[in-house]
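Below you will find the structure I want to go over with you.
The structure displayed is predicted, hence computed values, not measured ones. Numbers here are sequence positions counted from 1.
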Amino acid sequence: MQKSSSSSSLGPGGLDLTQTFFKPILNTAPPSPTKRHTKITVIGVGNVGMAIAQTILTQDLADELALVDAKADKLRGEMLDLQHAAAFLPRTKILASVDYAVTVGSDLCIVTAGARQLPGESRLNLLQRNVALFSSIIPPLAKYSPDTILLIVSNPVDILTYVAWKLSRFPSNRVIGSGTNLDSSRFRFLIADHLDVNAQDVQAYIVGEHGDSSVALWSSISVGGVPVLSFLEKQQINYEKETLENIHKDVVNGAYEVISLKGYTSWAIGYSVANLARSILRDQRKIHPVTVLAKGFYGIDGGDVFFSLPAQLGRSGVLGVTNIHLTDEEAQRLKDSAKTLIEMQSQLGL
């Protein structure tokens, strides 16, 4: 597929009109070699991929955005649709191609492509089909952008982040999954809604495997700097554990509810991933619950396993994992999650 970008060749025979249209001022110097040009690639232009691309554009996170998908016509249509909004957006060069060469020099590669589960298909078979798909995606990305950071959004995100790490042979700090960053946002929203406060004043994390077996870290929740559960205990205010569990269930079921109502999720994950992109590319050093190599943390051993932990993100990817206190129950649930993931990974033949 022909890639397209903005061009100054508008004159007869493709004559470059830039020098005619603009007259340079006197005594100029060439652009500074230290000036940073930020490029982001999004693999997959489905609902999630395009929500991410659109949010990246509106938040002015990249100078150049490359889109890649196997469906050439849809890909070109999405590219043109975004390009036609240029007058309303920060200036960003938008490229699209089925050829991975378009991704060359990317600072961040976001992968949203993934095989969908067929009726009656086992989880293992779905995983194996996704491994085959990733085998055609990850190596070209690593080839054309050997210094990039991989951000995996495709589900099951934890195992596919592990797959991307193995296929890319990148250092572990440069392979990240979107993990439970969005789950934690839902968690903070629900707690804020219960307490009638702003969600930005709520510090709360969902960790572990993204999905039904995720772990809510109730012991570390704080609102305005006040640890919630210990405050309630000191004030001798009773609370029911069932209420807490129901909030966690609402977090887990949040995506299912959206899917049942509109057919898919897109906007929330778009904002979540753009938020991660900002922290990484702008070296914000913010803490996000994302999928990272978890071996060696909180008693996790026995194999290389990726799942969500609160991690500090910056320009080199994962800068470190925070040392949050876990209760014995929380720590055990994390270990159980790790064991399940390692068993699944062992069947993939990587």
**Crowding at CD, Gln200 (>12 non-hydrogen neighbours, <6.0 Å)** =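 No, CD of Gln200 has 12 or fewer neighbouring heavy atoms, counting only those of other groups under 6.0 Å.
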**Asked** Has Lys143 got more than 12 heavy atoms of other residues, nucleotides or ligands less than 6.0 Å from its NZ?
**Response**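 Not buried by this count: 12 neighbours or fewer within 6.0 Å.
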**Request:** Determine whether Val273 and Leu89 fall in the same hydrophobic cluster, where Ile, Leu, Val, Met, Phe, Trp and Tyr are linked whenever their side-chain heavy atoms lie under 4.5 Å apart.
**Result:**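 Same cluster: Val273 reaches Leu89 through Ile, Leu, Val, Met, Phe, Trp or Tyr contacts under 4.5 Å.
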**Message:** In this structure, would Tyr271 and Val157 fall into the same cluster of hydrophobic residues linked by side-chain contacts under 4.5 Å?
**Reply:**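 No; Val157 is not reachable from Tyr271 via cluster members.
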**Request:** Check whether any side-chain heavy atom of Leu95 sits under 4.5 Å from a side-chain heavy atom of Leu65, and report yes or no.
**Result:**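 No, side chains not in contact.
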**Item:** Leu141 vs Thr148 side-chain heavy atoms within contact, under 4.5 Å
**Value:**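 Of all side-chain heavy-atom pairs linking Thr148 with Leu141, none is under 4.5 Å.
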**Item:** Check against salt bridge (Lys or Arg N to Asp or Glu O under 4.0 Å), Arg285 and Asp283
**Value:** CA-CA 6 Å; Arg285 296 175 177 261; Asp283 199 29; 3.6 Å; yes
**Request:** Using the side-chain hydrogen bond (donor to acceptor under 3.5 Å, both in side chains) rule, take His288 and Asn181 through it: C-alpha gap first, then chi angles, then the decisive distance, then the call.
**Result:** CA-CA 6 Å; His288 297 270; Asn181 194 55; 3.2 Å; yes
**Request:** Indicate, with yes or no, if Phe306 and Leu319 share a hydrophobic cluster defined by side-chain heavy-atom contacts under 4.5 Å among Ile, Leu, Val, Met, Phe, Trp and Tyr.
**Result:**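 They do not share one cluster, since no chain of ILVMFWY contacts under 4.5 Å joins Leu319 to Phe306.
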**Closest approach of Leu75 to Asp69 (non-hydrogen atoms, all atoms of both residues)** =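 Reported closest heavy-atom pair: CD2-N, 3.7 Å.
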**Item:** ILVMFWY network linking Leu309 to Leu326, side-chain heavy atoms under 4.5 angstrom
**Value:**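 As far as the 4.5 Å side-chain criterion goes, Leu326 and Leu309 are connected within one cluster.
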**Asked** Are the side chains of Leu167 and Ser135 in touch, meaning some heavy atoms are under 4.5 Å apart?
**Response**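 Side chain of Leu167 against side chain of Ser135, heavy atoms only: contact under 4.5 Å found.
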**Request:** State the OG1-CD1 distance between Thr103 and Ile43, to the nearest 0.5 angstrom.
**Result:**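 Reported value, rounded in 0.5 Å steps: 6.0 Å.
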**Prompt:** Charged N to carboxylate O below 4.0 Å: is that the case for Asp107 and Arg315?
**Reply:**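 Salt bridge: yes.
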**Prompt:** Same cluster or not: are Leu151 and Val104 linked, directly or through other Ile, Leu, Val, Met, Phe, Trp or Tyr residues, by side-chain heavy atoms under 4.5 angstrom apart?
**Reply:**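 Yes.
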**Item:** Criterion ring pair (Phe, Tyr, Trp, His ring centres under 6.0 Å) on Tyr205 and Trp218, from CA distance to verdict
**Value:** CA-CA 8 Å; Tyr205 295 119; Trp218 288 104; over 10 Å; no
**Request:** Please tell me if the side chains of Pro156 and Leu127 come closer than 4.5 Å, counting only heavy atoms from C-beta onward.
**Result:**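 When only atoms from C-beta onward are counted, Leu127 and Pro156 do touch, with a gap below 4.5 Å.
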**Asked** Any cation-pi pair here, Arg174 with Phe170, using under 6.0 Å and within 45°?
**Response**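 Relative to the ring axis of Phe170, which defines the angle, Arg174 lies inside both limits.
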**Message:** Salt bridge or not between Glu64 and Lys39? Use side-chain N to carboxylate O under 4.0 Å.
**Reply:**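 Lys39 and Glu64: salt-bridged.
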**Asked** From Ser97 OG over to Leu67 CG, what is the distance, rounded to the nearest 0.5 angstrom?
**Response**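 Going from the OG atom of Ser97 to the CG atom of Leu67 covers 10.5 Å.
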